[in-house]
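Residue numbers run from 1 in the order of the sequence given. For clarity, every value in this text was computed on a predicted model and none was experimentally measured. The analysis underlying the following values was restricted to heavy atoms, covering all of them including side chains, and did not include hydrogens, waters or symmetry mates.
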Amino acid sequence: MPRRHRRKKQLSTDVKANLDKNECFALKKCTLYLRRHLDRYFTMDEETMNMLCYTLRGEMGQVNEYILDLLDDSQQVRFEKEFSECGLDPEEYSDLAARMLAKVKTGRLYKFKQFIFHLLERNLKNFRYNGKSDIEKSITAIKKMFNLTDQEVEFGIFLFITAGYEIPGDFFICHLKSDHFAGRKNLFNILNLSQKEYSKILEGTLARTGLLAISGFDLSITDDLISLIQNSSTRSFTKSFFSKMPHNTVPLEYHFVEQEQTEHILELLKHKPETATHILLYGSPGTGKTSYAYGLAERLGIPAYEIVRGDDNKTSQRRAAIMACLNMTNSDKGSLILVDEADNILNTYFSWFMRGETQDKGWLNQILEEPGTRMIWITNSIDGVEKSVLRRFAYSLCFKPFNRKQRTRLWNSVLKNNRAERLLSDTDIANLSGRYKVSAGAMDIAVKKAVEKSTKSKKRFHKAVTLTLDSHESLLNHGKNHKDKDTVEKNYSMEGLNVQGNIQFMMKQLEKFDNYLQQSDGNSRINMNLLFYGPPGTGKSELARYIACHLDKELICKKTSDILDSFVGGTERNIKEAFEEAESEEAILIIDEVDSLLFSRDQAERSWEISFTNEFLTQMERYRGILICTTNRLKGIDNASMRRFNYKIGFNYLKPEGNITFYQKLLEPLTATPLDKATRKVLKRITDLAPGDFKVVRDKNFFHHPEELSPQSLVQALQEEAEIKKFHNGRKHIGF
């Protein structure tokens with residue numbers, strides 16, 4: 001007896017005093033789960049005894065005494081001997097107790113069951129503490145944030161405890177398989193759930209927001225929900241999901257949206273609607289969609305919130321954030337919610353292939369139809385948005401990239417708004433519009449920061465603006481400096497070119513055509529198609545760039561490698577997209593080496609050659625703008641397509657005077673010695689020279705000191721280029 005009393009004392013050590021509130025809460029829940037399980041399935045195997053040790057802890061001394069009383073004398077001796085060897089190790093003791101209880105008769109086990117239930121019930125009452133644990137505070141906040149049912153809350157607590165505490169996880173998950181389809185009966189019993197309630201949980205908010213992971217036959221809690229439960233701060237909750245929209249935004253007037261459209265959107269969002277009101281802003285990045293949405297919110301003056309994108313912009317996290325924001329902010333008069341970069345939520349077609357995510361389209365449609373919601377969605381592309389989703393938007397706006405003229409207007413508006421009109425000249429603005437393809441927000445920041453420097457010097461102001469814009473473009477380009485490959489050669493002029501056709505007349509016609517495009521309503525399909533043909537390097541592409549600069553138009557230059565695609569239909573799609581891009585940006589479209597796309601259909605040997613030509617001709621007829629095509633092989637172009645070009649301009653090798661002109665433009669600045677008469681005669685006699693040859697020689701000698709170069713050495717280099725060309729006829733030159 002003394003020995004037995006000593007064992008009892010060792011096992012009944014009070015451990016509850018060392019537990020914090022979270023541990024007490026978890027133990028109380030585990031005790032309840034175990035009580036429900038044993039009430040229906042009373043078995044005292046090793047795993048159950050281990051769980052009993054975990055929940056009863058200090059009361060295990062009494063359990064040990066009761067087990068001894070159930071045994072006969074020989075079993076008691078054996079039990080105490082083995083107990084003295086295993087000590088208080090829970091795993092070894094659980095194994096020992098389970099083996100001993102297996103020898104007890106059924107009638108005596110019934111009394112033991114009643115004794116265990118008595119201890120468990122008493123334990124539930126003993127786990128008391130002042131206030132609430134951090135887990136309970138988090139659960140309360142989560143329930144309110146996501147409007148969860150009581151069953152969803154209990155389900156989440158169970159999964160959290162079994163995921164965060166080793167022994168409960170081993171028993172309820174590993175042993176009873178409560179998270180698996182085969183262990184549903186245990187789960188229903190532990191959580192006191194019906195099949196109907198369980199089904200509602202699997203279809204409810206926890207699952208739809210991605211906080212509950214359903215994989216095959218298994219259920220589990222996600223890291224997102226674990227993080228939420230571990231964080232008891234309601235303020236931190238909201239920060240991780242949504243934030244207030246910023247003030248002092250770019251004015252709505254900066255954006256190229258018709259006033260009638262803006263007023264219509266403002267009316268739609270002005271009051272909390274009886275039904276749902278969703279606005280879709282879509283288009284290329286950097287076109288002002290987000291700043292326009294901010295401007296709408298500021299003009300409305302209502303509570304407005306933006307959904308946080310998070311570190312990895314996961315769909316499940318954003319679904320949870322949207323639900324949280326709606327539940328927390330849309331009561332009474334309601335709020336406006338902005339979902340920026342919503343591609344991963346709206347573009348459901350390619351979600352698995354692009355991001356490895358599955359989309360809950362039912363959840364999305366439910367949100368889009370939720371009464372009383374006012375939301376603005378922003379996406380770069382709507383290609384993967386299903387029609388069933390698109391038709392649920394009350395209004396949509398397409399944001400196209402700014403062309404040069406629009407950027408000029410925008411610069412003037414930004415300068416006026418910041419009272420800095422006098423600090424940049426019209427020439428400065430034109431240069432900035434052509435050089436920097438930036439948004440209204442980037443312009444506004446650059447001007448504001450330059451104004452804040454309080455400089456009255458135009459030169460310093462211009463420098464401050466360009467430094468900010470250079471930094472902005474470098475940042476967007478991942479630290480690389482911007483390089484505009486489609487700018488015209490410095491000091492370019494058409495003088496010296498050997499061109500067949502009236503260039504001056506063509507330039508006047510292009511000016512008239514451009515004016516017509518600006519003044520027309522946009523419904524008429526009229527185009528100006530130019531074909532520049534001739535040997536490589538004779539200035540075809542450079543003249544196209546000059547035309548774009550002269551007309552103050554954007555330039556989109558596509559090479560054959562940009563368009564040709566190895567997949568069936570890919571080239572045709574790229575041809576179509578090139579024309580659509582140029583038309584949407586009101587740009588001049590240049591297609592280099594067009595002979596690779598306009599095959600002669602009479603001599604075509606493959607079906608796709610005819611398909612390329614047909615698609616190109618179709619787009620030419622539909623295109624509303626200026627198209628310039630260049631080719632080195634005029635004979636390879638389809639005959640029927642020739643009549644679709646308004647102007648066909650031939651380029652040839654330079655004439656003698658053209659040699660002199662391009663020497664003066666490109667090579668003369670490299671040497672300190674003027675061109676003498678003898679060398680001049682030699683230069684004029686060189687045949688088969690093109691502007692590109694002069695550029696090659698210039699680039700090769702650009703870093704030499706002027707004293708190191710002579711006209712004779714430069715002309716000799718040109719002769720070598722001409723000789724090489726004779727032996728390698730048809731070789732493409734770099735440059736013009």
Side-chain angles (χ1 to χ4, degrees), residues 246 248-263 265 281-299 340 378 380 397-452 458 461-477 482 484 486-487 514-515 517-519 522 548-549 551-556 581-588:
N248 300 321
T249 60
V250 176
L252 283 175
E253 292 74 20
Y254 280 14
H255 301 276
F256 294 102
V257 178
E258 296 293 335
Q259 184 177 354
E260 182 182 20
Q261 292 176 304
T262 298
E263 293 300 327
I265 295 174
L281 309 180
Y282 63 99
S284 303
T287 50
K289 301 185 293 296
T290 302
S291 59
Y292 181 75
Y294 289 164
L296 290 172
E298 186 158 350
R299 181 73 64 86
D340 201 353
I378 297 177
N380 294 330
L397 268 181
C398 179
F399 282 71
K400 299 178 181 179
F402 300 146
N403 57 42
R404 187 176 301 187
K405 290 184 178 179
Q406 287 176 322
R407 287 198 295 271
T408 299
R409 287 166 50 194
L410 201 53
W411 273 111
N412 285 318
S413 297
V414 170
L415 289 167
K416 182 178 180 181
N417 189 64
N418 289 281
R419 299 179 180 179
E421 307 102 301
R422 63 178 185 81
L423 295 175
L424 288 179
S425 66
D426 291 342
T427 302
D428 292 333
I429 294 172
N431 291 335
L432 291 172
S433 301
R435 167 65 182 82
Y436 298 101
K437 299 178 181 180
V438 294
S439 65
M443 294 181 191
D444 194 52
I445 290 176
V447 171
K448 273 185 169 63
K449 294 305 169 185
V451 169
E452 287 175 4
K458 292 183 178 181
F461 181 84
H462 183 272
K463 185 64 176 178
V465 169
T466 56
L467 283 173
T468 301
L469 294 178
D470 285 337
S471 171
H472 175 76
E473 284 201 333
S474 178
L475 178 63
L476 295 182
N477 202 30
H482 172 81
D484 193 348
D486 292 327
T487 54
D514 185 51
N515 289 332
L517 289 180
Q518 302 303 320
Q519 297 171 8
C549 183
L551 296 177
D552 197 23
K553 305 281 286 186
E554 297 291 342
L555 183 65
I556 295 177
E581 179 186 359
E583 186 168 328
S584 66
E585 297 188 22
E586 298 181 12
I588 291 178

Where [X] and [Y] come nearest, the two heavy atoms and their spacing:
X: L469; Y: A442; result: CD2-O, 4.0 Å
X: V451; Y: A420; result: CG2-CB, 4.0 Å
X: F461; Y: L424; result: CE2-CG, 3.8 Å
X: S433; Y: W411; result: OG-CD1, 3.4 Å
X: F402; Y: T287; result: CZ-O, 3.6 Å
X: R422; Y: K458; result: O-CE, 2.9 Å

What's the spacing between [X] [atom1] and [Y] [atom2] if we round to 0.5 Å?
X: H472; Y: T466; atom1: NE2; atom2: OG1; answer: 14.0 Å
X: N412; Y: E421; atom1: CG; atom2: CD; answer: 9.0 Å
X: D340; Y: I378; atom1: CG; atom2: CD1; answer: 4.0 Å
X: Q261; Y: H255; atom1: CD; atom2: NE2; answer: 13.5 Å
X: M443; Y: I445; atom1: CE; atom2: CD1; answer: 12.0 Å
X: Y292; Y: L397; atom1: OH; atom2: CG; answer: 5.5 Å

[X] side chain to [Y] main-chain N or O, any donor-acceptor pair under 3.5 Å?
X: K289; Y: S284; answer: yes
X: D470; Y: L467; answer: no
X: N431; Y: T427; answer: yes
X: N418; Y: V414; answer: yes
X: K553; Y: E586; answer: yes

* Asked: Do NZ/NE/NH1/NH2 and the carboxylate oxygens of E253 and R409 come within less than 4.0 Å?
  -> no
Would you indicate whether the side-chain heavy atoms of [Y] and [X] approach each other to under 4.5 Å?
X: R299; Y: E263; value: yes
X: I265; Y: V257; value: no
X: L296; Y: T262; value: yes
X: E554; Y: Q406; value: no

